[in-house]
Amino acid sequence: MTSHARVAIAFAALSMGSMPSLASAQQAHVNLDWNPHRNTQQLVPFMANVISPEVTDEGMVTFRLKAPRAQEVLLSAGTINAALDGEVKPWPFTKGDDGIWTLTIGPIPPNIYVYKFVIDGAAVTDPGNTLTGFGDQPGYSNLVVHGTGPAYYDARPVPHGTLTRHVYHSTVLNGEREMYVYTPPGYDRAKTYPVLYLLGGSGELASGWWLDGRATFIADNLIAEGKAVPMIIAMPNNQVVHRNDPKHTALTFDLFARELRTQIIPLVEGQYRVRNDRRARAIAGLSMGGRHTQLVGFKALDLFASFGVLSAGDPASETSTPEFLNDRDINTKVDYLLVGLGTHENQPANRSVVFHQILEKHGVKHDYVIGGNGAHDWATWRYLLHASLLPDLFKAAR
């Protein structure tokens, strides 16, 4: 390990303090509850016919499905498998005489997990769970395993920023596009702010970072604690080519580079009070968004001085970004570079591990962080955003 990389291997602190639950019922959607799957009144979620999932304070989870004609019901949840250090395989349900299928597993560590039911071979969302997600992929269900109080990604009684949805016409992609922009608590148009351009991965849309990633709550909480600089976070849709297009890899980087320069950054800088110098701009992303950070951001040092590559890395970067890696002055041009991956991604052949080694080889200073008790999933990316990316960006602005 060279002196250029700070290595931090950690698990996320997923619950904070001891606070009583004020939720009146499971999945009530009255408040932004941090424990929505903790059943307190034995009330079935609205329009459902069974309680599913049900989470105890000890982390035991019970899933239910009323399907009297089904022949087989399985739980498909790779994120839960990873958290339990288990082999990735589906769990079978047991059918009762009343036609209700039941499965209880755990204890599961506090976090937010993605899962589906597989009913006679068809993968579907949990019809009893009102917490669902979507992206550039079929829908899925979210499981919230709570701790003893709100986690770092939950809404807390602190000042909150504002999230704005922008719909704009792209001349690059010849269509209407969307982008979400977070402004910090107390946003003041008499001041100027640094900007983080935060990108999703394959299967994620512009809404992914604030819905599944909880980026706005994470930023609110860090800013309230004085651990992050008040910043604007722009979350564009970096899907620019159909993910199954055979020319996806050949087309995506050039198209996104053009979209970023001619559409995304001009929109943000035209409508918000931002500092428009490179040291006040950062670009970061997960998975495919991490590759966009490398293969677009590393080639745009006129625009950006800070970077975050999360669960990504181009093993061919020595040929794809040689100007960046071989620039003798790169450590004076880059203010911050994070390479991060999940606890269960840390394998010798993992692309993030290989990319970290390439950066070391070329003497490029960077932070290298492993943690979150997840794999290639939101448990990892929420943790990296909270533990490293937001706290360490724009330190000169403090």
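Start at 1 with the first residue, then count along the sequence.
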Participant: Say whether T104 and T62, considering side chains only, have a donor N or O and an acceptor N or O under 3.5 Å apart.
Facilitator: yes
Participant: Go through I112 and R214 one step at a time and tell me if the side-chain contact (heavy atoms from CB on, under 4.5 Å) criterion holds.
Facilitator: CA-CA 10 Å; I112 305 173; R214 303 284 187 98; 3.5 Å; yes
Participant: Below 6.0 angstrom between ring centroids: does that apply to H386 and W381?
Facilitator: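 Aromatic pair excluded; centres sit 6.0 Å or further apart.
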Participant: Which ring pair (Phe, Tyr, Trp, His ring centres under 6.0 Å) pairs, counting each pair once, include a residue from residues 59-90, with sequence neighbours left out?
Facilitator: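 Only F63-Y115 qualify under ring pair (Phe, Tyr, Trp, His ring centres under 6.0 Å).
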Participant: On a heavy-atom basis, which atom in L389 and which in L196 lie closest, and how many Å separate them?
Facilitator: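 Taking every non-hydrogen atom into account, CD2-CD2, 4.3 Å.
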Participant: For E360 and H366, does a side-chain donor sit closer than 3.5 Å to a side-chain acceptor?
Facilitator: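 Their side chains do not contain a donor-acceptor pair, so the 3.5 Å distance test is not met.
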Participant: Can any side-chain N or O of N221 pair as donor or acceptor with the backbone N or O of D154 at less than 3.5 Å?
Facilitator: yes
Participant: Is there a ring pair (Phe, Tyr, Trp, His ring centres under 6.0 Å) between H292 and F253? Walk through the geometry before answering.
Facilitator: CA-CA 6 Å; H292 277 146; F253 301 109; 5.4 Å; yes
Participant: Is a donor from one side chain sitting under 3.5 angstrom from an acceptor on the other, for S352 and E345?
Facilitator: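 No, no side-chain donor-acceptor contact under 3.5 Å.
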Participant: Please collect all ring pair (Phe, Tyr, Trp, His ring centres under 6.0 Å) contacts where either partner lies in residues 84-111, sequence neighbours excluded, each pair once.
Facilitator: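 Applying ring pair (Phe, Tyr, Trp, His ring centres under 6.0 Å) to every pair that reaches into residues 84-111, excluding sequence neighbours, yields F93-F117.
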Participant: Should the heavy atoms of other residues, nucleotides or ligands under 6.0 Å from NZ of K95 be counted, would the total exceed 12?
Facilitator: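 Enclosed: over 12 neighbouring heavy atoms sit under 6.0 Å from NZ of K95.
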Participant: Rounded to the nearest 0.5 Å, what's the gap from CG on N111 to CG on D377? Could you check?
Facilitator: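 Result: 8.0 Å between the selected atoms.
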Participant: Roughly how far apart are Q294 CD and L337 CG, rounded to 0.5 Å?
Facilitator: 9.0 Å
Participant: Only counting residues at least two apart or in another chain, list the ones meeting salt bridge (charged side-chain N to carboxylate O under 4.0 Å, His left out) with R243.
Facilitator: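 Checked R243 against salt bridge (charged side-chain N to carboxylate O under 4.0 Å, His left out); zero matches.
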Participant: Hey, could you give me the CG/CG distance between L199 and N237, rounded to the nearest 0.5 Å?
Facilitator: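 Answer rounded to 0.5 Å: 10.0 Å.
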Participant: Counting N and O atoms only, with roles assigned by atom type, does the side chain of T332 sit under 3.5 Å from a partner on the main chain of D329, one being a donor and the other an acceptor?
Facilitator: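 Yes, because the side chain of T332 sits within donor-acceptor range (under 3.5 Å) of the backbone of D329.
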Participant: Does anything in residues 282-299 form a salt bridge (charged side-chain N to carboxylate O under 4.0 Å, His left out)? List the pairs, not counting sequence neighbours.
Facilitator: R291-D314
Participant: Looking only at heavy atoms, which two atoms of P45 and G128 are closest? And how far apart?
Facilitator: CG-O, 3.6 Å
Participant: Check each of D220, T216, T162, T164 against Y182 using the side-chain hydrogen bond (donor to acceptor under 3.5 Å, both in side chains) test, and report the only one that passes.
Facilitator: D220
Participant: Output all residues satisfying salt bridge (charged side-chain N to carboxylate O under 4.0 Å, His left out) with R177, sequence neighbours left out; order by chain, then residue number.
Facilitator: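 R177 satisfies salt bridge (charged side-chain N to carboxylate O under 4.0 Å, His left out) with E259 only.
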Participant: Can you name the residues that form a salt bridge (charged side-chain N to carboxylate O under 4.0 Å, His left out) with D212, not counting sequence neighbours?
Facilitator: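 Not a single residue meets the salt bridge (charged side-chain N to carboxylate O under 4.0 Å, His left out) criterion with D212.
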Participant: Could you give the side-chain donor-acceptor pairs of residues 50-57 under 3.5 Å, partners two or more places apart or in another chain?
Facilitator:
from, atom 1, to, atom 2, distance (Å)
S52, OG, R64, N, 3.0
S52, OG, R64, O, 3.2
S52, OG, D126, OD2, 2.7
E54, OE1, R64, NH1, 3.0
E54, OE1, R64, NH2, 3.1
T56, OG1, E58, N, 3.2
T56, OG1, E58, OE1, 3.4
T56, OG1, G59, N, 3.4
T56, OG1, M60, N, 3.1
D57, OD1, R38, NE, 2.7
D57, OD1, H146, NE2, 2.8
D57, OD2, R38, NE, 3.3
D57, OD2, R38, NH2, 3.3

Participant: Any donor-acceptor pair under 3.5 Å linking the side chain of D120 with the backbone of E72?
Facilitator: yes
Participant: Going from CG on N350 to NE2 on H356, what distance comes out if it is rounded to the nearest 0.5 angstrom?
Facilitator: 11.5 Å
Participant: Can you list every pair that meets salt bridge (charged side-chain N to carboxylate O under 4.0 Å, His left out) and has a residue in residues 261-270, with sequence neighbours left out?
Facilitator: R261-D302, E269-R281
Participant: Output the distance between atom CG (L303) and atom CD1 (I283), rounded to the nearest 0.5 Å.
Facilitator: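 Atom-to-atom, L303:CG and I283:CD1 are 8.5 Å apart.
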Participant: Does the side-chain contact (heavy atoms from CB on, under 4.5 Å) test come out yes or no for V73 and V118, once each step is laid out?
Facilitator: CA-CA 6 Å; V73 179; V118 182; over 6 Å; no
Participant: Any side-chain to backbone donor/acceptor pair from Q263 onto T171? Under 3.5 Å, distance only.
Facilitator: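 Yes; judged by distance alone, with no hydrogens or angles, the pair exists.
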Participant: Among residues two or more places apart or on two chains, list those pairs meeting salt bridge (charged side-chain N to carboxylate O under 4.0 Å, His left out) that have a residue in residues 99-115.
Facilitator: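 Matches after skipping sequence neighbours: none remain.
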Participant: How far does CG of L385 sit from CG of L393, to the nearest 0.5 angstrom?
Facilitator: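 That separation rounds to 9.0 Å.
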Participant: Using only atom types and a distance under 3.5 Å, with no angle test, would you say the side chain of T262 pairs donor to acceptor with the backbone of R258?
Facilitator: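 Answer holds: yes.
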Participant: Please report the shortest heavy-atom distance between P322 and S320, naming the atom on each side.
Facilitator: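 Taking P322 first and S320 second, the nearest heavy atoms are CD-C, 3.3 Å.
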Participant: Given 3.5 Å as the limit, does a donor-acceptor pair link the side chain of H166 with the main chain of M179, or not?
Facilitator: no
Participant: Between V353 and L341, what is the shortest heavy-atom contact and its length?
Facilitator: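 Heavy atoms of V353 and L341 come nearest at CG2-CD1, 3.9 Å.
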Participant: For L260 and I265: C-alpha separation, side-chain torsions, deciding distance, then whether side-chain contact (heavy atoms from CB on, under 4.5 Å) applies.
Facilitator: CA-CA 6 Å; L260 187 66; I265 292 178; 4.1 Å; yes
Participant: Taking ring pair (Phe, Tyr, Trp, His ring centres under 6.0 Å) as the cut-off, I'd like each qualifying pair that reaches into residues 306-334, sequence neighbours left out, listed once.
Facilitator: F298-F307, F298-F324
Participant: In terms of heavy-atom contacts, does CZ of R189 have more than 12 from other residues, nucleotides or ligands at under 6.0 Å?
Facilitator: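 Atom CZ in R189 is packed in, count exceeds 12.
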Participant: If the threshold is 4.0 Å, N to carboxylate O, is there a salt bridge linking D277 and R275?
Facilitator: yes
Participant: Where do N373 and P109 come nearest, in terms of heavy atoms and distance?
Facilitator: ND2-CG, 3.9 Å
Participant: Over all heavy atoms of both residues, which pair between P236 and I264 is shortest? Give the atoms and the distance, please.
Facilitator: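 For P236 versus I264, the nearest heavy atoms are CB-CD1, 3.6 Å.
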Participant: I need the single residue from W209, Y140, W210 that forms a ring pair (Phe, Tyr, Trp, His ring centres under 6.0 Å) with W378. Which is it?
Facilitator: W209
Participant: Would you check if the side chain of H362 reaches a backbone N or O of V364 as a donor-acceptor pair within less than 3.5 Å?
Facilitator: no
Participant: Mind checking what makes salt bridge (charged side-chain N to carboxylate O under 4.0 Å, His left out) contact with R382, not counting sequence neighbours?
Facilitator: none
Participant: Begin from the C-alpha positions of Y153 and Y383 and carry the test ring pair (Phe, Tyr, Trp, His ring centres under 6.0 Å) through to its verdict.
Facilitator: CA-CA 9 Å; Y153 47 70; Y383 171 78; over 10 Å; no
Participant: Any idea how Y187 and Y193 line up, ring-wise: parallel (<30°), tilted (30 to 60°), or perpendicular (>60°)?
Facilitator: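 Rings of Y187 and Y193: tilted, as their planes differ by 30° to 60°.
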Participant: Pairs in or reaching into residues 102-116: which pass salt bridge (charged side-chain N to carboxylate O under 4.0 Å, His left out), with residues at least two apart or in two chains?
Facilitator: none
